[in-house]
Amino acid sequence: MSDHEQQPAPGRGKVLDALARAERKVFTRPAPKSAKAQVKFLLTRAKGSTKAVAERLGVSRRTVERYRAGKLTTPQKRLRATLVEETESEWQPQVRAQAREQAATSDGMMVHVVAYFGFTATGSSDDGRIRHITTAISPTYAQQILQFQEAGATEEALHPVVSQAVTESYFTEWGTRADGLRADVTHVQSIDFEF
């Protein structure tokens, strides 16, 4: 498993996980890898508060202190995943913000999705099916998706926006064909974004 291929966090869906992976790809330096370095980084971000880091990681303050001192070095699977996620969510905020701003204002994003697409249109003869689609989505849709993510939207709330973005860019080619077509994305098997 490479640095960018992490298991989805518990409770987070495929679209939200894909957005997090896209952000990790824009890092200009690798995030801390060892538990000690990750804890030290999180403590720096929390202005030294072991209580804040402990609450964030779901462990005791004493456990945080032991990792900082290097007395503990190998976290259990759940804690290891939480350390990676929390560290990467705080790592290089300016680089991530710049990539998000560029996607939302000028470049848009690329999306590769494997999902079931069902269609609604007048006179449509194309039944819904699993499709593999790679397409560029406009900055307008990129901005909506990123704003929803920032606002803490659920996976289900993001699906209609992703559906609209893919319909607009791939199926109707920005309104030049298939007037009135609406594609609904369901049963997402895999999805990736690229800034």
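Here, residue 1 is the first one in the sequence, and each next residue gets the next number. For clarity, every value in this text was computed on a predicted model and none was experimentally measured.
In this structure, the side chain of Lys14 engages the main chain of Val188 through a donor-acceptor pair within 3.5 Å. The backbone N or O of Val15 lies less than 3.5 Å from a partner atom in the side chain of Glu155, making a donor-acceptor pair. Remark: the backbone N or O of Pro32 is paired with a side-chain donor or acceptor of Gln38 at under 3.5 angstrom. In this structure a side-chain-to-backbone donor-acceptor pair under 3.5 Å is missing from Ser169 to Ile137. Arg96 places a side-chain N or O within 3.5 Å of a backbone atom of Ser89 that can act as its donor or acceptor partner.
Atom OG1 of Thr135 is separated from atom CE of Met110 by 6.5 Å, given to the nearest 0.5 angstrom. Taken from NE2 in His112 to CD1 in Ile191, the straight-line distance is 9.5 Å, to the nearest 0.5 Å. With values rounded to the nearest 0.5 angstrom, Thr50 atom OG1 is found 10.5 Å from Arg62 atom CZ. Interatomic distance, Arg61 CZ to Glu55 CD, rounded to the nearest 0.5 Å: 9.0 Å. Rounded to the nearest 0.5 angstrom, Glu85 CD and Arg24 CZ are separated by 8.0 Å. To the nearest 0.5 Å, atoms CZ (Arg21) and CD (Glu23) are separated by 12.0 Å.
Connectivity analysis of hydrophobic side chains (ILVMFWY, heavy atoms under 4.5 Å, direct or indirect) links Val114 to Tyr116, Ile130. Residues Val39, Phe41, Leu42, Leu43, Val53, Leu57, Val59, Val64, Tyr67, Leu72, Leu79, Leu83, Trp91 make up the rest of the hydrophobic cluster containing Phe27, defined by ILVMFWY side-chain heavy atoms closer than 4.5 Å, directly or through other members.
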Exercise. So Arg68 and Lys36, side chain to side chain contact (heavy atoms under 4.5 Å, CB included) or not? Walk me through it.
Worked result: CA-CA 5 Å; Arg68 176 178 54 189; Lys36 181 178 179 178; 6.0 Å; no
Exercise. Can you check side chain to side chain contact (heavy atoms under 4.5 Å, CB included) on Phe193 and Leu146, steps first, answer last?
Worked result: CA-CA 11 Å; Phe193 292 98; Leu146 295 171; over 6 Å; no
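Looking at Thr28 and Gln92, their side chains do bring a donor and an acceptor atom within 3.5 Å of each other.
For the ring-ring contact (aromatic ring centres under 6.0 Å, His included) condition, no pair includes a residue of residues 148-167, sequence neighbours left out.
Phe117 pairs by the ring pair (Phe, Tyr, Trp, His ring centres under 6.0 Å) definition with Phe171, not counting sequence neighbours. Partners of Glu150 according to the salt bridge (Lys or Arg N to Asp or Glu O under 4.0 Å) rule, which considers only residues two or more places apart in sequence or in another chain, are Arg100. With sequence neighbours excluded, the residues satisfying salt bridge (Lys or Arg N to Asp or Glu O under 4.0 Å) with Glu90 are Arg45, Arg56.
Across all their heavy atoms, Ala46 and Ala52 have their closest contact at CB-CB, 4.2 Å. Thr87 and Ala31 make their closest contact through CG2-CB, 4.4 Å (heavy atoms, listed as atom of the first residue, atom of the second, distance).
Within the 4.5 Å cutoff, the side chain of Gln143 has heavy atoms near those of the Gln147 side chain. Using a 4.5 Å cut-off on side-chain heavy atoms (C-beta onward), Phe195 and Gln102 make no contact. In this structure the side chain of Thr172 reaches within 4.5 angstrom of the side chain of Thr167, judged on heavy atoms.
Dense packing is recorded around CD of Gln149, with more than 12 heavy atoms of other residues, nucleotides or ligands lying under 6.0 Å away.
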